[in-house]
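Per chain, numbering begins at 1; letters A, B, ... match sequence-line order. Computation of the quantities below employed the complete heavy-atom set of this structure, encompassing side-chain atoms and omitting hydrogens, waters and symmetry-equivalent molecules.
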Amino acid sequence: MISPKKINVQTILVAMIMLMISRFCTAQSFYAVLVADTKDPSLGASCEKDLEEMSGALRHISKKIEYNYQEIICIQDKFGKGGIQEAISKIQCKPEDIIFFYYTGHGINTNTQKSNFPVLYLKDENLELETIHRLLKEKKPRFCLTLGDCCNNILAGTRSMRTAQPVVRGIRVTEDTRIARKLFLESNGDLLISSARKGERAAAHPSEGSFYSNTWIQALAYAEGHNTHISWETMLADAENRLQASLKSLPDSLKHHSQWVSSFPETASPCAEASFMEINKFLNVLADEKLSFADRSKLSRLGQKGFFGPAAKVNIYMDDPDTPVETQPIEHFLKRIVNTAPLIDEFNFVERLSSLGSGCTYDIVTLQEIRKAR
Amino acid sequence: MTRYFTSLFVLIFGLGQVLAQPVMDKKRLAEFGKLTGQRVTDLQQYISLIADKNNSIEQREQAVELAVSLFEKDHLVNGKRRSPHVQVSRRNGTVSSVPVKIYFKNLMNVKFDKVEITSYDAAVVSEFEKGAGGDYRAIATYYQQFKGMDNKGNLIYGSRDRKDIRVTAQSAAVYAQAGKEDLKIFFGDITVRDTVPIPGF
């Protein structure tokens with residue numbers, strides 16, 4: 001005779017096994033292949049930081065969209081063509097799955113190379129980023145994203161290590177899943193991204209990681225917390241603006257620009273000319289102290305007319321967007337920014353707490369003003 | 001009956017007053033402290049812009065407008081109109097006090113060919129404490145270096161002042177569209193705590 005206690009334990013065990021089986025049978029997979037040159041003497045620590053941050057960001061996204069996260073890491077002995085090929089062969093992709101490939105390390109390009117995207121500088125044999133993207137696309141996932149954060153210059157060289165101020169961390173984690181779903185589930189197709197255009201070197205911070213990876217993760221996190229509308233195009237344009245802002249203290253010769261190609265049509269957003277990316281860009285250019293007072297004033301007048309209603313109000317918050325600490329009329333706010341530009345590090349516009357009036361101009365603007373460390 | 005209605009009136013409207021008071025916990029007050037710090041550095045920036053004769057008149061006047069907007073409006077004290085005052089240390093070692101608008105106007109016309117006013121240390125803001133009238137008060141301290149030069153750039157006078165600003169966080173409809181009452185920061189009088197001449201001047 002089976003005791004009630006035994007029945008209970010057996011029932012619970014069976015239920016748990018069934019639940020796990022059903023979960024693995026039905027859940028779609030989010031495959032993340034993360035390749036990092038963690039052994040490199042100059043870049044290793046930076047790559048390790050990139051790996052940790054990107055892994056965390058992707059884990060967080062897959063949890064939000066309720067995908068089964070499957071991570072394959074290629075470091076040390078696996079950091080090579082063989083390791084990457086092996087990782088790709090492990091992906092058993094279903095049509096609803098997502099594949100994300102990320103590379104952080106050295107990269108090169110050549111004059112004979114047709115592709116504008118870099119060649120990954122691996123320990124055994126080099127591999128084109130575009131080739132990897134093609135191999136992953138052949139798996140026919142719902143969405144395939146390939147991101148290479150590396151140099152894309154003509155000759156092999158050391159990736160520049162810069163101690164410019166790292167990007168701001170500690171972005172509020174939100175439980176809202178809308179943005180993650182829009183980006184990763186509503187985009188059917190593929191996206192290929194590199195942190196530098198052909199002929200450019202990509203910069204990294206010795207301990208804080210690569211500049212582009214940082215700004216990419218930052219743009220994604222801000223979009224999740226601050227937006228109601230998003231597309232890959234605006235998100236990547238915002239990451240590019242953030243990259244340029246973080247590189248502004250470096251000489252022009254060391255600056256680099258991200259590039260991307262996608263196969264899916266861009267979804268039309270309401271009032272694209274007043275998108276969060278455009279407002280962020282306007283405010284951050286306005287706070288660029290390299291511009292003269294006259295230029296900043298001129299830009300301010302143009303921006304006020306183009307982006308804001310005549311009676312617009314600006315809510316400024318410190319830590320929590322829902323509880324601002326100050327509200328200023330738009331004219332006063334813009335005048336203040338023009339005059340205090342050297343004190344300002346960055347602006348973050350909160351689209352979800354801002355409201356459009358008539359004619360695609362904002363009546364209420366909510367933003368965070370981050371000051372330079374003194 | 002009249003008494004009953006009076007009590008009801010006091011209860012309803014009195015309760016309304018209590019509910020309108022913003023709830024300020026330590027975290028929220030720390031945010032206002034951070035904002036005050038930013039507005040103090042703004043003020044220092046405006047002072048530098050106003051005093052710098054290399055800047056255009058338009059920019060200097062705009063800086064005056066922005067600086068004045070940080071202070072309390074003129075108000076009546078014992079039937080007399082009063083505006084916030086700024087104490088200024090003089091070359092002869094004395095300290096005088098002028099209304100805030102006059103202070104910035106004087107800064108536009110300092111009698112040196114070149115003037116440089118900079119901060120030599122980070123501003124400090126004390127914790128906000130609740131005042132008797134229900135508002136919150138703090139003291140912000142900033143460190144100002146003054147250099148007056150001739151047309152060749154030779155230093156004629158220089159001093160370092162440690163100055164205190166009386167800060168009041170008054171209840172105000174800061175984000176009215178959300179139907180909430182909150183605090184608004186205003187600067188009051190500025191006093192010179194001490195002056196250290198730059199050696200040799």
query: For atom NZ of B:Lys101, is the number of surrounding heavy atoms from other residues, nucleotides or ligands below 6.0 Å larger than 12?
result: no

Residue pair A:Met318 / B:Arg28, side-chain heavy-atom distance below 4.5 Å: no

query: More than 12 heavy atoms of other residues, nucleotides or ligands under 6.0 Å from NZ of B:Lys111: is that the case?
result: no

message: Are there over 12 heavy-atom neighbours, none belonging to B:Asn92, within less than 6.0 Å of that residue's CG?
response: yes

query: Should A:Val338 and B:Gln59 count as side-chain neighbours, where that means a heavy-atom distance under 4.5 Å?
result: no

query: Counting only heavy atoms not in B:Glu72, do more than 12 fall under 6.0 Å of its CD?
result: yes

- request: Please look at B:Leu49 and chain A and tell me whether the side chain, the backbone, both or neither of the residue comes under 4.5 angstrom of a heavy atom of that chain.
  value: side chain

query: A:Leu343 versus B:Gln38: any side-chain heavy-atom pair under 4.5 Å?
result: no

field: Other residues, nucleotides, ligands: >12 heavy atoms within 6.0 Å of B:Lys114 NZ
entry: no

field: NZ (A:Lys281) with more than 12 external heavy atoms under 6.0 Å
entry: no

- line: Taken to the nearest 0.5 Å, the spacing of B:Ser69 OG from A:Gln328 CD works out to 7.5 Å

query: Taking C-beta and beyond as the side chain, do A:Glu326 and B:Ile185 meet within less than 4.5 Å on heavy atoms?
result: no

message: Would you say that A:Arg336 contacts B:Tyr46 through its side chain, given a criterion of any heavy-atom pair below 4.5 Å between the two side chains?
response: yes

Residue pair B:Glu58 / A:Phe293, side-chain heavy-atom distance below 4.5 Å: yes

field: Steps toward side-chain contact (heavy atoms from CB on, under 4.5 Å) verdict (A:Thr327, B:Lys184)
entry: CA-CA 9 Å; A:Thr327 298; B:Lys184 180 139 181 70; over 6 Å; no

query: So, B:Gln62 side chain and A:Asn339 main chain: donor-acceptor pair closer than 3.5 Å or not?
result: no

query: Around atom NZ of A:Lys290, are there more than 12 heavy atoms of other residues, nucleotides or ligands at under 6.0 Å?
result: yes

- request: Keeping the roles fixed (side chain from A:Arg371, backbone from B:Thr41), state whether a donor-acceptor pair exists under 3.5 Å.
  value: no

- prompt: Does the pair A:Asp319/B:Lys34 count as a salt bridge with the N-to-O cut at 4.0 Å?
  reply: yes

- prompt: Does atom CD of B:Glu129 have more than 12 heavy-atom neighbours from other groups under 6.0 Å away?
  reply: no

- prompt: At a heavy-atom separation under 4.5 Å, does B:Arg39 approach chain A through its side chain, its backbone, both, or neither?
  reply: side chain

- line: Rounded to the nearest 0.5 Å, the OG1 atom of A:Thr340 sits from the CG atom of B:Leu66 at a distance of 8.0 Å

- line: Among B:Glu31, B:Lys27, B:Glu65, the residue with the most heavy-atom pairs under 4.5 Å to chain A is B:Glu31

